[in-house]
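Below is one structure, written out as structure tokens; the observations come after it.
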Amino acid sequence: MRRRLALSIALGAMVASLAACGGDSEDTETPGGTTAERIVVYSARDKKVTDFVVEQFVAKHPEYQGKVEVLNMGAQEVLERTRAEKANPQGSVWWGGTQQGLSAGASEDLLEAWQPSFAAEMDARYKDAQGRWFGEILLPEVIMYNNKAIQPDQAPKDWDDLIAPAWKDKIIIRDVPASGTMRSIYASMIQRLSPDGSNPQPGYDWLRKLDANTVEYAANPTDLYVKMSRERGVLSAWNLQDILLQSEQSNMPFGYVMPASGAPVLVDGVAVIKGGNSEGAKTFLEFLFDSSLRANLAKDFFQIPAVPISEQPEWLANLNLKPMDVDWDVIAKHETEWINHWNAEIKNKG
């Protein structure tokens, strides 16, 4: 009996000790005595970027150690997941999404309105007037090529070069519907041929010719990078930041061309998901716009910040960006219709 009693006391002490060390507790005490709840981040950013930022965030806010969960997915998938969870939000932060995707989320009451400290520094073009989303970076969309298979002087110089017969079965594209980047590029190709969006047919015809030159649609960005590096396709259309990241940090054989007629430049932003961990989300986003972090992300991760930074890295100062004249309001109105039509009537039928 005494032995059983001693064993019971010892087990109780062990459980108490584990609980004191944290165990699997959902909440952590902050230095001020408040509770830090788990932050779930839905992100379309490259995993290298999210890993770096979370590491820096936890270093500054140790109360969130082990409490930040990042789910990496396509920008369109972030919208669809947040939409599906509206009645019972699981995410807290929407990190990485196109202006039109974030605007859709705002119009559907998926995003919380607030006024962060960094909002005053931001151009009105790069944020929601009601404070429901904020631009983080500007993403030029450019022509990507395998620089081992194609010499720079041989690469296409403009968008219309991609539909030339010489490039048949040489192009590989990230599958469009789930990708905010590709939806924006394809919608821009339609809108440039129909400025008010009333007659998308010339744009559909252009995309059909591009489809005829496309050898495959990659399931996700990693699939695109691997197949491009193995020359399954040697040309693509993609965002500049990820091309530079893969080239410089992963030694992928990628080069890019700034299209002669201009690059669609996306406002890629962030938001607090309504109904999630609002306090944690706001703490995370305030940190994301820390001036030192923004400078590091520009220098090491090739980001073009939507807020001013004191000194531009050399690559950005020498970028010579040529923006395409894109009406994002027209695209926001028609994008779903246009991409659905492409998916049903054009994909693999060119």
* Counting heavy atoms not belonging to K170, are there more than 12 under 6.0 Å from its NZ? -> no
* Structure fact -> Heavy atoms of V142 and A263 approach each other most closely as CG1-CB, 4.3 Å
* To do: Please report the shortest heavy-atom distance between V267 and G135, naming the atom on each side.
  => CG1-CA, 3.8 Å
* Asked: Are side-chain heavy atoms of K168 and N213 found at a separation under 4.5 Å?
  -> yes
* To do: Determine whether T82 and Q90 make a side-chain contact, defined as any pair of heavy atoms from C-beta on separated by less than 4.5 Å.
  => no
* Among W94, F118, Y126, find the one that has a ring pair (Phe, Tyr, Trp, His ring centres under 6.0 Å) with F134. => F118
* To do: Check the surroundings of atom CD in E311: do more than 12 heavy atoms from other residues, nucleotides or ligands lie under 6.0 Å from it?
  => no
* Asked: Of the options D268, D242, N72, which is the one that meets R45 in a side-chain hydrogen bond (donor to acceptor under 3.5 Å, both in side chains)?
  -> D268
* Asked: Are V49 and V58 connected in the hydrophobic side-chain network, where two residues link if heavy atoms are under 4.5 Å apart?
  -> yes
* Asked: How far apart are the C-alpha atoms of I190 and H334, what are their side-chain angles, what is the distance that settles it, and do they pass the side-chain contact (heavy atoms from CB on, under 4.5 Å) test?
  -> CA-CA 10 Å; I190 296 172; H334 295 286; over 6 Å; no
* Flag if over 12 foreign heavy atoms under 6.0 Å of CD, Q154 -> yes
* **Rounded distance [0.5 Å steps], CG in L110 versus CZ in R132** => 10.5 Å
* Go through the steps for M189 and M324 under the test side-chain contact (heavy atoms from CB on, under 4.5 Å), then give the verdict. => CA-CA 10 Å; M189 296 301 105; M324 179 187 286; 3.8 Å; yes
* Are V226 and M228 in one and the same hydrophobic cluster, where Ile, Leu, Val, Met, Phe, Trp and Tyr link if side-chain heavy atoms are under 4.5 Å apart? -> no
* **Over 12 foreign heavy atoms within 6.0 Å of CG, N340** => yes
* Please report the closest heavy-atom contact between G91 and E85, naming both atoms and the distance. => N-OE1, 3.9 Å
* **Connected via hydrophobic side-chain network under 4.5 Å: M258 and L138** => yes
* To do: Mark yes when over 12 heavy atoms from residues, nucleotides or ligands other than K282 sit less than 6.0 Å from its NZ; otherwise mark no.
  => yes
* To do: Could you check if a side-chain atom of I173 sits within less than 4.5 angstrom of a side-chain atom of S236, using non-hydrogen atoms only?
  => yes
* Asked: Is there a donor-acceptor contact under 3.5 Å from the side chain of Q249 to the main chain of D300?
  -> yes
* Asked: Is there a donor-acceptor pair closer than 3.5 Å between any side-chain N or O of K227 and the backbone N or O of A218?
  -> no
* Asked: Donor-acceptor pair, N146 side chain versus F254 backbone, under 3.5 Å?
  -> no
* **Inter-residue atom distance M144.CE - I172.CD1, 0.5 Å rounding** => 9.5 Å
* To do: Determine whether L297 and F287 fall in the same hydrophobic cluster, where Ile, Leu, Val, Met, Phe, Trp and Tyr are linked whenever their side-chain heavy atoms lie under 4.5 Å apart.
  => yes
* To do: Report the C-alpha separation of L319 and I304 in whole Å, then their side-chain angles, then the decisive distance to 0.1 Å, and conclude whether the side-chain contact (heavy atoms from CB on, under 4.5 Å) test is met.
  => CA-CA 10 Å; L319 180 59; I304 303 176; 3.8 Å; yes
* Could you verify whether a donor N or O on one side chain and an acceptor N or O on the other, from D211 and Y217, lie under 3.5 Å apart? => yes
* **Verdict with supporting geometry, K157 and D161, salt bridge (Lys or Arg N to Asp or Glu O under 4.0 Å)** => CA-CA 7 Å; K157 301 301 184 288; D161 294 340; over 6 Å; no
* **4.5 Å side-chain heavy-atom contact, S117 and E286** => yes
* To do: Could you verify whether a donor N or O on one side chain and an acceptor N or O on the other, from W95 and E136, lie under 3.5 Å apart?
  => yes
* Let me see the working for K86 and E108 under salt bridge (Lys or Arg N to Asp or Glu O under 4.0 Å), right down to the final yes or no. => CA-CA 9 Å; K86 181 177 182 180; E108 295 174 29; over 6 Å; no
* Asked: Got W167 and L162 here, is their nearest side-chain heavy-atom distance under 4.5 Å?
  -> no
* Distance-minimising heavy-atom pair for L316 and P305 -> CD2-CD, 4.3 Å
* **OG1-NZ distance between T214 and K347, expressed to the nearest 0.5 angstrom** => 11.0 Å
* **Check: L266 main-chain N/O paired with W328 side-chain donor or acceptor under 3.5 Å** => no
* Minimal non-hydrogen separation, W159 against P264, with atom names -> CZ2-CD, 3.7 Å
* Is there a side-chain contact between Q56 and N296 (heavy atoms, below 4.5 Å)? -> no
* Using a 4.5 Å cut-off on heavy atoms from C-beta on, say whether the side chain of L285 contacts that of P116. => no
* **Exercise: identify the closest heavy-atom pair between M73 and Y42** => CE-CD2, 4.1 Å
* With the 4.5 Å side-chain cut-off for hydrophobic clustering, are Y204 and V326 part of the same group? -> yes
* Asked: Can you tell me how far CZ of R183 sits from OG1 of T98, rounded to the nearest 0.5 angstrom?
  -> 8.0 Å
* Measuring from Y225:OH to R230:CZ, what's the distance to the nearest 0.5 Å? -> 15.5 Å
* To do: Taking R38 for its side chain and V68 for its backbone only, find out whether a donor-acceptor pair lies under 3.5 Å.
  => no
* **Short side-chain to backbone donor-acceptor contact, N277 and S92, under 3.5 Å** => no
* To do: Give a yes or no on whether the backbone of A187 and the side-chain of E335 come within a donor-acceptor separation of less than 3.5 Å.
  => no
* Establish, from distance only, whether the side-chain atoms of E141 and S188 form a donor-acceptor pair under 3.5 Å. => no
* Interatomic distance, L240 atom CG to Y256 atom OH [nearest 0.5 angstrom] -> 5.0 Å
* **Any donor-acceptor pair under 3.5 Å from W206 side chain to D160 backbone** => no
* With a 4.5 Å heavy-atom cut-off, do Q246 and S229 have their side chains touching? -> no
* Within the distance-only criterion (no hydrogens, no angle test), does the side chain of K322 pair as donor or acceptor with the backbone N or O of A260 below 3.5 angstrom? -> yes
* Would you sort out whether Y64 and V54 count as a side-chain contact (heavy atoms from CB on, under 4.5 Å), showing the intermediate values? => CA-CA 10 Å; Y64 286 102; V54 170; over 6 Å; no
* Taking everything shown except D153 itself, do over 12 heavy atoms lie less than 6.0 Å from its CG? -> yes
* **Candidates V176, N239, D175, L224 - the one meeting side chain to side chain contact (heavy atoms under 4.5 Å, CB included) with M182** => V176
* Asked: Given Y186 and W338, is the ring pair (Phe, Tyr, Trp, His ring centres under 6.0 Å) satisfied, shown in steps?
  -> CA-CA 9 Å; Y186 274 37; W338 290 348; over 10 Å; no
* Hey, does the side chain of R208 reach the backbone of E345 with a donor-acceptor pair shorter than 3.5 angstrom? -> yes
* Asked: Is there a donor in the side chain of Q201 and an acceptor in the side chain of D205, or the other way round, less than 3.5 Å apart?
  -> yes
